[in-house]
> 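Handing you this structure, nothing more for now.
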Amino acid sequence: MINFAILGCGRIAKRHAELLGTGQIAGARLAAVCDIQADRADRFGATYKVPAFHSLDELLKADGIDVVSVLTPSGMHAEHTIAVAKAKKHVVVEKPMALTLDDANAMIEACDANGVRLFVVKQNRFNVPVVKAREALDAGRFGQLVLGTVRVRWCRDQSYYDNDSWRGTWAQDGGVLSNQASHHVDMLSWFMGDVESVHARGATALARIEAEDTAVATIKFRNGALGIVEATSAARPKDMEGSLSVLGSTGAVEIAGFSVNKIRTWQFTHPLDSDADVMERFSVNPPNVYGFGHQAYYEHVVDCFNNGTEALVDGHKGRQSLELIMALYESIASGEEVTLPLKVQHCKLGRA
């Protein structure tokens with residue numbers, strides 16, 4: 001049994017705690033929770049009948065903890081991950097892994113130096129429709145990749161940002177690109193390949209925050225394909241979609257739904273008998289009110305420990321995704337096309 005502790009009992013912690021604290025992940029259990037807001041930690045502790053700590057130092061002194069899930073504000077991920085690694089405990093860290101490349105590098109180095117593993121949460125990669133699309137990509141069914149698009153049209157009203165003072169700030173969070181759309185930007189590069197350059201624009205349309213709530217970008221991939229990012233948390237009055245499209249010379253797939261969880265288009269020049277099975281059995285995630293992706297993600301983490309398998313998204317891959325997000329911010333700030341590898345000059349992410 002692998003014992004997990006949750007650090008940070010905010011909005012996303014509900015999904016993690018529900019899965020780990022109610023026996024939904026075979027081979028894993030929730031062993032402790034921690035938050036500097038004592039009422040939050042105590043409430044989670046009482047709900048799941050586990051010890052509640054009010055400081056990271058107290059948590060790391062406790063016995064019987066193998067892994068700490070770092071669910072604190074994004075700007076604190078590096079500090080907390082490094083402290084956990086020095087305590088010789090493995091780390092699961094929510095997206096984005098950090099807000100600067102220096103912090104991401106320090107996290108990777110701390111985990112390597114202390115012999116612990118670093119897992120970055122990218123749960124949408126485990127959505128069943130995404131898995132089937134990736135299998136098609138690996139089998140070469142798309143042919144030459146032509147165009148990839150992600151769309152995030154979600155609603156985050158002012159009350160969402162006002163609920164925690166760090167939300168929407170450059171120092172601790174960033175905007176829609178680094179928060180709500182970070183999974184989708186990651187998925188776009190996962191399907192389309194290494195990025196050559198980006199050109200982005202952002203706007204703070206409706207929310208009273210420092211960072212952007214709306215952004216668009218074009219991407220040029222090294223294989224010659226193009227990409228489009230459309231992201232907003234200013235959809236009103238409610239969420240619309242989170243989607244991914246991949247178009248190639250011999251096939252096209254579109255996965256839509258609220259969070260890249262429902263196949264809308266599945267067409268290939270050379271159909272297979274299994275295509276009907278994909279649409280019948282795998283076109284929609286199994287129902288799970290707490291998010292199918294997080295459950296599959298934790299099962300993957302457990303498998304990595306039990307069988308020594310490689311993490312789908314380790315620190316290095318998490319850093320790669322962060323670099324792309326930072327390049328988008330660099331382009332927004334400079335107004336210019338930005339090439340990768342990134343040389344940070346104007347990007348405000350992670351800066352006070």
Side-chain angles (χ1 to χ4, degrees), residues 1-95 97-98 103-104 106-121 123 290 294-315 318:
M1 183 66 66
I2 301 170
N3 296 312
F4 286 80
I6 285 178
L7 175 62
C9 297
R11 179 184 174 103
I12 196 62
K14 295 176 182 179
R15 289 187 178 182
H16 292 258
E18 174 69 19
L19 293 168
L20 295 167
T22 60
Q24 296 187 44
I25 309 299
R29 63 181 287 270
L30 184 63
V33 295
C34 179
D35 198 298
I36 58 172
Q37 294 189 31
D39 59 331
R40 284 186 174 184
D42 293 345
R43 186 165 58 250
F44 269 71
T47 298
Y48 299 104
K49 298 179 175 57
V50 297
F53 297 92
H54 304 149
S55 77
L56 179 55
D57 287 342
E58 292 178 3
L59 174 68
L60 295 179
K61 291 176 184 176
D63 295 328
I65 296 173
D66 304 307
V67 189
V68 176
S69 293
V70 177
L71 313 180
T72 49
S74 302
M76 304 176 80
H77 286 174
E79 173 190 346
H80 293 157
T81 293
I82 292 168
V84 171
K86 289 180 177 178
K88 307 296 184 182
K89 302 183 190 303
H90 304 283
V91 180
V92 168
V93 61
E94 261 289 356
K95 57 76 184 171
M97 68 178 290
D103 277 352
M107 293 163 70
I108 294 168
E109 291 168 5
C111 289
D112 288 346
N114 289 281
V116 298
R117 301 190 65 169
L118 175 59
F119 301 86
V120 181
V121 178
Q123 79 276 1
Y290 293 101
H294 277 93
Q295 179 171 346
Y297 180 82
Y298 269 112
E299 291 170 348
H300 165 70
V301 171
V302 170
D303 178 68
C304 287
F305 282 120
N306 289 340
N307 298 307
T309 50
E310 181 180 348
L312 185 59
V313 185
D314 60 8

> To the nearest 0.5 Å, tell me how far L71 CG sits from H80 NE2.
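That separation rounds to 11.5 Å.
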> Shortest non-hydrogen contact from K95 to V121?
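Looking at all heavy atoms of both residues, the shortest contact is CB-O, 3.7 Å.
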> More than 12 heavy atoms of other residues, nucleotides or ligands under 6.0 Å from CG of N307: is that the case?
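More than 12 heavy atoms, drawn from other residues, nucleotides or ligands, come within 6.0 Å of this atom.
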> Any non-hydrogen side-chain atom of R117 less than 4.5 Å from a side-chain atom of V67?
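Side-chain contact under 4.5 Å: no.
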> Can you tell me how far the CD1 atom of I25 sits from the CD atom of E18, to the nearest 0.5 Å?
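Those atoms lie 10.5 Å apart.
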> Can you give me the closest heavy-atom contact between K89 and V68, atom names plus distance?
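In this case the closest contact between K89 and V68 is CD-CG2, 4.3 Å.
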> Under the side-chain contact (heavy atoms from CB on, under 4.5 Å) criterion, do V301 and F4 qualify, and how do the steps go?
CA-CA 11 Å; V301 171; F4 286 80; 4.1 Å; yes
> Indicate yes or no for a side-chain donor-acceptor contact from Y48 to the backbone of A32 under 3.5 Å, with no hydrogens or angles considered.
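No.
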> To the closest 0.5 Å, what do you measure between CG (L19) and CZ (R29)?
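The CG atom of L19 sits 15.5 Å away from the CZ atom of R29.
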> Okay, side chain of D35, backbone of C9: is any donor-acceptor separation there less than 3.5 Å?
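At least one qualifying donor-acceptor pair exists.
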> For the residue pair L30 and F44, establish whether any side-chain heavy-atom pair is separated by less than 4.5 Å.
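When only atoms from C-beta onward are counted, F44 and L30 do not touch, as no gap falls below 4.5 Å.
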> Looking only at non-hydrogen atoms, find the nearest pair between V120 and Y297 and report the distance.
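Heavy atoms only, the tightest pair is O-OH, 3.1 Å.
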> Take V116 and V84 through the test side-chain contact (heavy atoms from CB on, under 4.5 Å) and record every step on the way to the result.
CA-CA 9 Å; V116 298; V84 171; over 6 Å; no
> Which pair of non-hydrogen atoms, one from N3 and one from A31, has the smallest distance, and what is that distance?
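Heavy-atom minimum between the residues: CB-CB, 3.8 Å.
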> With the side chain counted from C-beta on, respond yes when M107 and C111 share a heavy-atom pair under 4.5 Å apart, and no when they do not.
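No, too far: nothing below the 4.5 Å cut-off.
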> Rounded to the nearest 0.5 Å, what separation is found between the CG atom of D303 and the OG1 atom of T309?
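These two atoms lie 4.0 Å from each other.
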> Measure centre to centre between the rings of F305 and H90, then say whether the value is under 6.0 Å.
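F305 vs H90: aromatic centres under 6.0 Å.
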> Over all heavy atoms of both residues, which pair between A83 and L60 is shortest? Give the atoms and the distance, please.
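Looks like O-CD1, 3.6 Å.
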> Heavy atoms only: give me the nearest I82-A106 pair and the separation to one decimal.
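Scanning both residues completely, I find the closest heavy atoms to be CD1-CB, 3.8 Å.
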> Please check this pair: side chain of H77 against backbone of T72, looking for a donor-acceptor N/O pair closer than 3.5 Å.
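Side chain of H77 to backbone of T72: a pair is present.
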> Does the side chain of E94 reach to within under 4.5 Å of the side chain of H16, using non-hydrogen atoms?
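Yes, close enough: below the 4.5 Å cut-off.
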> Checking side chain to side chain contact (heavy atoms under 4.5 Å, CB included) between M97 and each of D103, V91, D314, L118, which is the one that passes?
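The residue from D103, V91, D314, L118 that satisfies side chain to side chain contact (heavy atoms under 4.5 Å, CB included) with M97 turns out to be L118.
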